[in-house]
Amino acid sequence: MNKFLYKNTRLSNFLLAIILLIPGISYAQYQENIPKPSGPVDLSETSNQVIFIALPLLILILYLIFRKRIKKIKKDKNEGMKVDK
C-alpha cells in the first residue's frame, strides 16, 4: 500500500508542476509587435469565408469519414477474430 501512495504522490506533484507552468509557457509565447484583430470577422471577404467556414467544415467532414472508416475496420477485424476461433 505504501508504494501505491508514493506513486500517486509523485504523479500528483508532477501534474501540479505542469499546471503551474502552463501560464508561464503561454506568456513566453506572447509576441508583442503582431497586429491583433479588434472586431468581428468580416465574412464579405472570400478569404475570411474560406478560413472561418470552409476549412473547419472540411476538417469536420474528413474527421467524420475517417472515424467511420476506423470503426468499420475494427468491426471487420473483430468479426474475423470471432470466425477464426
*Roughly how far apart are Asp42 CG and Gln49 CD, rounded to 0.5 Å?*
9.0 Å
*asked:* Contact between Lys75 and Asn78 at the side-chain level, heavy atoms closer than 4.5 Å - yes or no?
replied: no
*What's the spacing between Leu16 CG and Leu11 CG if we round to 0.5 Å?*
11.0 Å
*Euclidean distance, Ile73 CD1 relative to Lys77 NZ, rounded to 0.5 Å*: 10.0 Å
*Apart from Leu43 itself, which Ile, Leu, Val, Met, Phe, Trp or Tyr residues share its cluster (side-chain heavy atoms under 4.5 Å, direct or through members)?*
Val41, Ile51, Phe52, Ile53, Leu57
_Nearest-0.5 Å distance, CD1 of residue Ile65 to CG of residue Leu60_ = 10.0 Å
